[in-house]
Each structure stands twice: as structure tokens, then as C-alpha cells.
Amino acid sequence: MQNNFWQFIKKNLGAVILLSLLVLLFFHFYYGIFHYNYIVPPGDDPTRHMTEAQGIIDQGFTKAWEGSLDPPLFHTLLAMESFITGQDIVITSLYVVPFIFIISYLAFYYLVRKLFKNELLAIISVVLLVFVSRQPNFAYSIGTYLNLFAGLCLFLFGLAFLKDLFLKKEIDYEKIILCFLFFGGVFLTHSLSTSYMLLTLFFLGFLLLILKLLSRLDSLKKYLTIFDKIYFKNYLILILILIIVILPLTYEYYAQIFLNSVSIKFEVLLFPNNSSSDINVTSEIPELAVPWKAYDNHLGIFIFGFSLVAIPFFFFKSINKVEKIIILCWIIALFIGTRFVFFILPNRFALDLALPLVVVIAYFFLIVGLYLKKINYLVVKIMLAVILIFSSLNFLENSLKYNQKVRLQASDEKALSWIRNNTDQNAVILSYPKTLAMRSWGSYINLLTKRNVVDGSDCNDFEGLCPWIYDPTFEISKKFYKDNNIEYVYAGKKVLGSFSTKADIDWKYQEKLLKTDFLEKKAEFFDSDKLGSIIIFKVNQDKL
């Protein structure tokens, strides 16, 4: 019986490793939700995405197309999930976002396996990405949910089907439709991911065309024989549709910012001392490339270091393989995105760069491992065991930690609970410090309490506190409260849920509120001595 068990494990080792990996991923992403009682997902942007999804629920699908920097697919799916399950949009996001991460790693596994027809290479790649690179922790913490769904899921499935187009002598409409659906889904989800998707496809078409032309040279034919088999009409149809249809549409979201960024950089380079431009240009030439340490930080020193060794080995060993051309163009597109900062979030590109790089490193390890196996198979097994043990321990250690990017602390949760239980649903709440992810993007207060919120940091003439709101000596103070129908004041931290200490902010503003004759202190909630408290005031309308 025992022998049968081990034979089954050996025969299905790939499936066992993949299943174990899925279990670890579920533990990693869901442990904090249950153990630390997270009530919101971590990251910088969740209020923005949840607010847009809530807008679809409250005002219909057309809301998704209005006043948003983002395409609507992710928010629409999130709203549909909330509607179908009957769960609040915040709870839905809390549980759905980690699941999308897990699906994205399955997409990565599927892509590598389909490109290289090698299950072991796919498994090594996923293990390196999850256990060795820093991508899972960083991506989850910075809240790149749209980029995750678009760039690390839909885009990967699109690439997986793209290879088949190259090796068909006839037009494969089924594969073209599948590619178009997945690549179109990227466009409908995230404009930044769309930008590097188009960059990848552009470089892919250009490089394949060059190699196709080179393959006609007699001296190179024996090295580039695969390109005699490639049928370019499939790919050209796909890329022309994507560029003609998608590229102009992306202009509304990011192309304007992209072009403006390029023009500023060239203006500074050409006219470094020109200060008369309408654009604020200084004599200091801006940084045109991400610091190298950004790659160390976001990829991990192991991935960054080994990639420098593995990349030449990967590409110069049988370069005439379509799968290698796809990986190469993917790396080029992402590297350009990080080095020249023409896109807004270069570190996000560095996170995405981890995916093609671990494929290259996994390929290197696989070939070297097969070579070492001939010398001493025991050495190979010991090396792999050591790497897996230490990587797994580090992964589990990170899984057990409290995520510092979760934006709600215990005092905020108690204060918001008090508001839900003690205020009318139509109550208007003045909130400071800053509780919005960005102006008009929504607040945790209105998401978690369904109350109307006025942002107390939205002050055009002053940075930070608006003095006429918080200082009773200003004559306009009472008028502001009366004109805006303020009923309660939420006086909290610098950013709702951030770990702001007393040294980070001038907490004396609360003392001024305590001395204000038309404000009555109703509740106060503490985290610890090092952290400031949350005070809730009720406005006495008779004294305004």
C-alpha cells in the first residue's frame, strides 16, 4: 500500500507540487483576513476601485464610463460579484482580490507550459515567482488590482494563445478570436497594462519581421529555419486590429500623460535653463531611468542577480524559437517601461518584469540541473531541497506578518462602528485628516458606513488643515459648518488607517476642536500610546 502511494506521488509529482503551491497561496493571501481580522484589502488604491464598483451598483453600468481614469471591466465584475452574492462591496473586494492573485499565478503556469511544452519548467518558474521573487508581497501591498487582473492574468492567457498563430499555415480564426478577447480584456481593465501589452506586440512583430527577412539569406538559413514555417498573416491581422482599434482608445486614459511626459523630458534636455515655458521646467535634468536598486527591491536580489547570468544563456541557446522571441519582446517592453519612466508607475513595471525573468532563470536552472544530474544526481536534489526549504520558510514568515498596508486600524474600525450604530443614514460627516485615496475617489468612511463625507483636507488656499474649519477664531468657521450641513466631525489620523504616530502630525488640532463651543465630544478610540486617537464630535446646530 505504501509503495503504491509513493508510486502515485512520483507519477503525479507535477500535480502534487502545483496543488501544494495552491494551498500555500491560499494560506498566504487569506491568513491575514482571518487571523488579523482585516476588514479591507491592503494597498494604496482600494478605496478608489471599491468606490467605482459601488457607483455601478448604485447608479447603473453607465457610471463605469463616467469620471473614471480606469476602463470599466474590473469594477463591473466586482460590482456583479457583490450583487450576486449579496455581500457589501468592501467584503467582496477583501475576498475576491486575493483569489485573482491566485488565478494570475495559474495563468502564468499555463503560459509557460503552453509556450515551452514543459511541465517541469512551468513548475520551476511558478516556484521561483512565488517563493523567491518579491512580486507576491509587493504587488498585493501596493494595491495593483487592475494591473494584476489585466497584466498578470488576461495578458498572459493572450500570450499563451499567440504562439499558435505563428505556427499555422492557414488563418486560425479561433485563435485570433481568443487572442483578441484576452487582449481586449486587458484594454477594458487597465490602460497601463494595455500600454506595455501593445509595446510587447509591437516589438514582437518587428523582431519576427527582421528575423523572417534574415532567414532568406543563405548564410543564415540553417540558423533560422523555423521562420520558414511561420505564417505571418495570422499575427498581422491580430496586431493591426489591436493597434488600429485599441491604441487610439487608450489615448483618453494614459496617452495624453505619456506624450506630455515625453515632451517635458525632451524640453529639459534641449533647454535645461529655460524657465519661461508654460510647463514647470527646472534647470535640473529629471531622472530618466529607475534606480537599479528598484529592481533589487521589487524583484529580489536573487532574481535580479541571476537574470544577468541567465538572460544571455537563454537567448543565445537556440534563439530561433518562437517562445523565446515572445519572452524576449516581453522583457524589452517592460524594461523600457522601467528605464525611461514614460509611464507613471515604473516600479509596477519592475514587478511585472519578474514574470519573464523567472522563466529565463528557470530555464537556466533546468538545463544546468540536467547537466549536473549526469554528474551527481544527489547534489542536484540537495541544492533544490535547500532552496525550497529556505524559500518556503521566508514565504511563510511573510504570510504570518501583519500587512502594514492595511489601511484600517482597530481605533478606526471602532469609530466607524460607532458611526454606523449611532448616526442617521443621511448624516453628513466632516473628516480629517485626509481619508480619501484621492479627491473624489471615495472614502472608507462612506464605504463602510454609507454616510455622506466632506473631506476636511480639501482646502485650496492652505496645505493640510483648513484653518476656518478647525479654528473657532475664524469667523467663517460656523458658516462652513452650517452651509455644508455638517452634523459630525471625524477627527483622526493623517491618512485613515495609516500608522501615523503623534510625531507625524500636529495633533493639537484636536485640542482646538475640544474647545469649540458648537462641538460636543461623543466618543474617543485609542490604539496605543504611540498612536493618536480617533475623536468623534457632534455639531450643536443651535450654536451655529
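Note that these values count all heavy atoms, side chains included, but never hydrogens, waters or copies made by symmetry. What you are looking at is a predicted structure, and each value in this text was computed from that prediction instead of being measured. The first residue of the sequence shown is numbered 1, and numbering continues consecutively from there.
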Exercise for the section: Flag yes if more than 12 heavy atoms outside Phe27 fall under 6.0 Å of its CZ atom; otherwise flag no. Expected result: yes

Exercise for the section: For a side-chain contact (heavy atoms from CB on, under 4.5 Å) with Thr194, tell me which candidate from Phe155, Phe187, Phe183 qualifies. Expected result: Phe187

Practice task
Measure the acute angle between the ring planes of His35 and Tyr31, then classify it against the limits of 30° and 60° as parallel, tilted or perpendicular.
Solution key: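 Answer is parallel, since the angle falls under 30°.
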
Practice task
Using the six-membered ring wherever Trp is involved, compare the ring planes of Tyr38 and Tyr36 and label them parallel, tilted or perpendicular (cut-offs 30° and 60°).
Solution key: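 Taking Tyr36 first and then Tyr38, their aromatic rings lie parallel (interplane angle under 30°).
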
As an exercise, state the distance from [atom1] of [X] to [atom2] of [Y], rounded to the nearest 0.5 Å.
X      : Y      : atom1 : atom2 : answer
Leu199 : Leu334 : CG    : CG    : 9.0 Å
Leu78  : His49  : CG    : NE2   : 10.0 Å
Ile445 : Leu430 : CD1   : CG    : 9.0 Å
Ile331 : Ile336 : CD1   : CD1   : 12.0 Å
Thr338 : Phe349 : OG1   : CZ    : 8.0 Å
Leu447 : Thr51  : CG    : OG1   : 4.0 Å

Quick one: does [X]'s side chain have a donor or acceptor within less than 3.5 Å of a partner on [Y]'s backbone?
X      : Y      : result
Lys538 : Val489 : no
Asp88  : Val90  : yes
Ser193 : His190 : no

Quick check: do [X] and [Y] have side-chain heavy atoms less than 4.5 Å from each other?
X      : Y      : result
Ile429 : Val454 : no
Ser104 : Leu156 : no
Ile57  : Ser82  : yes
Val40  : Leu94  : no
Ser411 : Phe526 : no
Ile56  : Thr76  : yes
Leu513 : Ile535 : no
Phe74  : Ile100 : yes

Problem - side-chain contact (heavy atoms from CB on, under 4.5 Å) between Phe537 and Leu514, worked out - result: CA-CA 9 Å; Phe537 297 90; Leu514 288 167; 3.6 Å; yes

So, using salt bridge (Lys or Arg N to Asp or Glu O under 4.0 Å) as the criterion, who are the partners of [X] when residues are at least two apart?
X      : result
Glu81  : none
Asp296 : none
Asp424 : none
Lys482 : none

Please give me the minimum heavy-atom distance between [X] and [Y], naming the atom from each residue.
X      : Y      : value
Gln541 : Ile486 : NE2-O, 3.0 Å
Pro136 : Phe101 : O-CE2, 4.2 Å
Glu413 : Asn37  : OE2-ND2, 3.8 Å
Ala427 : Glu487 : CA-OE2, 3.4 Å
Ile102 : Leu25  : CG1-CB, 4.0 Å
Pro41  : Pro46  : O-CG, 3.8 Å

Handout entry: Phe518/Tyr481 aromatic ring centres below 6.0 Å
Key =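 Yes, the ring of Phe518 comes within the 6.0 Å limit of the ring of Tyr481, centre to centre.
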
Exercise for the section: Kindly say whether the aromatic ring centers of Phe306 and Phe302 come within a distance under 6.0 Å. Expected result: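 When the ring centroids of Phe306 and Phe302 are compared, they turn out to be within the sub-6.0 Å range.
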
Under the ring-ring contact (aromatic ring centres under 6.0 Å, His included) rule, collect the residues that match up with [X], sequence neighbours excluded.
X      : value
Phe304 : Tyr295
Tyr30  : Phe26
Tyr488 : none

Sequence-distant partners of [X], side-chain contact (heavy atoms from CB on, under 4.5 Å), two or more places apart:
X      : answer
Gln87  : Thr85, Ile91, Thr92
Ser417 : Arg420, Asn421
Tyr110 : Lys114, Phe157, Ala160, Phe161
Glu397 : Asn394, Lys401

Practice task
List the steps, then state whether side-chain contact (heavy atoms from CB on, under 4.5 Å) holds for Asp517 with Lys478.
Solution key: CA-CA 10 Å; Asp517 61 346; Lys478 290 185 178 181; 3.8 Å; yes

Problem - Identified side chain to side chain donor-acceptor pair (under 3.5 Å) partner of Arg451 from the options Thr423, Asn426, Asn446 - result: Thr423

Exercise for the section: For Val358 and Phe108, run side-chain contact (heavy atoms from CB on, under 4.5 Å): C-alpha distance rounded to whole Å, both residues' side-chain angles, the deciding distance at 0.1 Å, then the answer. Expected result: CA-CA 11 Å; Val358 298; Phe108 179 62; 3.4 Å; yes

Practice task
Check the pair Gln54, Lys450 against side-chain contact (heavy atoms from CB on, under 4.5 Å), reporting the backbone distance first and the verdict last.
Solution key: CA-CA 11 Å; Gln54 187 65 48; Lys450 309 302 183 194; 3.7 Å; yes

Residues 122-133, side-chain donor-acceptor partners within the protein, below 3.5 Å, at least two apart:
residue: Ser125; atom: OG; partner: Leu121; partner atom: O; Å: 2.8
residue: Ser133; atom: OG; partner: Leu129; partner atom: O; Å: 2.5
residue: Ser133; atom: OG; partner: Gln135; partner atom: N; Å: 3.4

